[in-house]
Amino acid sequence: MVQQAIEVSAPLHTVYEQLAAFENYPRFMTGVRQVTAVGSDQTHWIMDVDGKRREFDAQIIERSPDERVSWSTMEGPLLAETITLRPMGETKTQIVAQLEADIAFLMPSDRHGQESLNRRLKDDLTTFKGLVESGVLGGSPIPQSGVSSKRMASHSHTLLPGVAADPASPASVAARIRNRNAAAAAAAAKAGAENSGGVAGSANMGGRTGQSDMWGTGMINEEERG
């Protein structure tokens, strides 16, 4: 995991709105070509990885207004991020970003691993800072009906069921998502076996294609689509 912090000359709420609007990410996050909402708490990503198109679904883990945004891939190679915001007066905001990634997937031809990932995160935050301070970056957050964003009296953060209130590392949160998905898949397979006389059927998750490439389920190589 790598971590970077940067100070942006913009009000806290303004910065939060841009980070909670995932459709903005292609404008500052390296390699991201498109992010679209899938329901209220999931997003579909299209990335350019060494000239190859890769796609995956990500779970929105937390969106606590003016405090934190967190997300993680649901299947396939790990890519997860937690962004925490801290007010630095009325017109300045500190961003602390933690990024966890499968280096072999995200930068397959890079031999410097964590060093390159750290530099990449720093560059992305610098780009975001420039876009916000210049007023170029706009947009509004994806509707939050599926992930509660109410502030509690104790100021605890609202996460998905089963995720601890204290912010965890992107990797640990991603592991919880994958464990929960695996349990759900096992339950579905058992139910299918019982309904078909003991032979479990297979079904694609989320209604998406069953194709997968060398990076694992949930990652689709564009060349294989055609």
Side-chain angles (χ1 to χ4, degrees), residues 1-47 58-73 79-101 117-160 163-170 173-174:
M1 181 181 71
V2 296
Q3 177 175 305
Q4 284 288 338
I6 196 169
E7 187 174 290
V8 179
S9 296
L12 177 64
H13 187 65
T14 298
V15 175
Y16 169 79
E17 282 190 327
Q18 309 316 318
L19 290 171
F22 285 88
E23 63 269 23
N24 284 334
Y25 282 47
R27 305 187 69 175
F28 63 84
M29 192 170 181
T30 305
V32 179
R33 294 171 57 180
Q34 184 178 354
V35 182
T36 54
V38 181
S40 58
D41 62 354
Q42 293 181 17
T43 50
H44 184 69
W45 294 58
I46 299 175
M47 291 191 69
Q59 182 84 48
I60 300 171
I61 301 160
E62 178 182 4
R63 280 182 298 189
S64 295
D66 300 345
E67 293 181 7
R68 183 173 291 105
V69 175
S70 185
W71 59 273
S72 172
T73 50
L79 184 59
E81 186 173 37
T82 297
I83 303 172
T84 303
L85 305 179
R86 298 168 180 167
M88 306 293 287
E90 294 184 358
T91 60
K92 292 186 177 181
T93 303
Q94 183 188 53
I95 301 173
V96 179
Q98 294 177 309
L99 180 64
E100 186 86 6
L117 184 63
N118 191 53
R119 183 169 58 251
R120 181 168 178 164
L121 177 59
K122 181 178 181 179
D123 290 344
D124 289 350
L125 289 178
T126 300
T127 300
F128 176 81
K129 170 184 169 72
L131 290 171
V132 172
E133 292 182 348
S134 65
V136 171
L137 192 61
S140 58
I142 297 172
Q144 301 182 22
S145 58
V147 180
S148 175
S149 60
K150 295 180 180 179
R151 290 175 180 266
M152 307 300 289
S154 61
H155 299 287
S156 63
H157 300 293
T158 303
L159 304 176
L160 293 176
V163 179
D166 292 332
S169 70
V173 175

Counting N and O atoms only, with roles assigned by atom type, does the side chain of S72 sit under 3.5 Å from a partner on the main chain of A80, one being a donor and the other an acceptor? no
Does the pair W71 and Q59 meet the rule for a side-chain hydrogen bond (donor to acceptor under 3.5 Å, both in side chains), with working shown? CA-CA 6 Å; W71 59 273; Q59 182 84 48; over 6 Å; no
Euclidean distance, L125 CG relative to I95 CD1, rounded to 0.5 Å: 6.0 Å
Donor-acceptor pair, N24 side chain versus Q18 backbone, under 3.5 Å? yes
side-chain hydrogen bond (donor to acceptor under 3.5 Å, both in side chains) between Q3 and Q98, worked out: CA-CA 4 Å; Q3 177 175 305; Q98 294 177 309; 3.0 Å; yes
May I ask you to test the F128-V15 pair for a side-chain heavy-atom distance under 4.5 Å? yes
Measure the spacing between OG1 of T73 and CG of L79 and express it to the nearest 0.5 Å. 6.0 Å
Flag, side chain of R120 to backbone of T30, donor-acceptor distance under 3.5 Å: yes
For the backbone of P11 and the side chain of Y16, can you confirm whether one donor and one acceptor N or O come within less than 3.5 Å of each other? no
Does a side-chain heavy-atom distance below 4.5 Å link T43 with Y25? no
Mind checking the CE-CD spacing from M1 to E81? Nearest 0.5 Å is all I need. 11.5 Å
For the backbone of P87 and the side chain of K92, can you confirm whether one donor and one acceptor N or O come within less than 3.5 Å of each other? no
Where do E62 and R68 come nearest, in terms of heavy atoms and distance? OE1-CD, 3.2 Å
Which atom of R63 lies closest to which atom of S40, heavy atoms considered: NH2-O, 3.0 Å
Grab the two heavy atoms, one from S134 and one from L131, that are nearest each other, plus how far apart they are. OG-O, 3.1 Å
Evaluate the side-chain contact (heavy atoms from CB on, under 4.5 Å) criterion for residues E7 and M88: first the C-alpha distance (whole Å), next the side-chain angles of each, then the deciding distance (0.1 Å), finally the verdict. CA-CA 8 Å; E7 187 174 290; M88 306 293 287; 3.8 Å; yes
State the CG-CG distance between D66 and L19, to the nearest 0.5 angstrom. 11.0 Å
In Å and rounded to the nearest 0.5 Å, what is the CG to CD distance from L85 to E67? 9.0 Å
Any side-chain to backbone donor/acceptor pair from T91 onto A10? Under 3.5 Å, distance only. no
Could you state the interatomic distance from CD (Q4) to OG1 (T126), rounded to the nearest 0.5 Å? 8.0 Å
E133 (side chain) donor-acceptor with S9 (main chain) under 3.5 angstrom: yes
Can R27 and L137 be said to form a side-chain contact (heavy atoms from CB on, under 4.5 Å), step by step? CA-CA 8 Å; R27 305 187 69 175; L137 192 61; 3.7 Å; yes
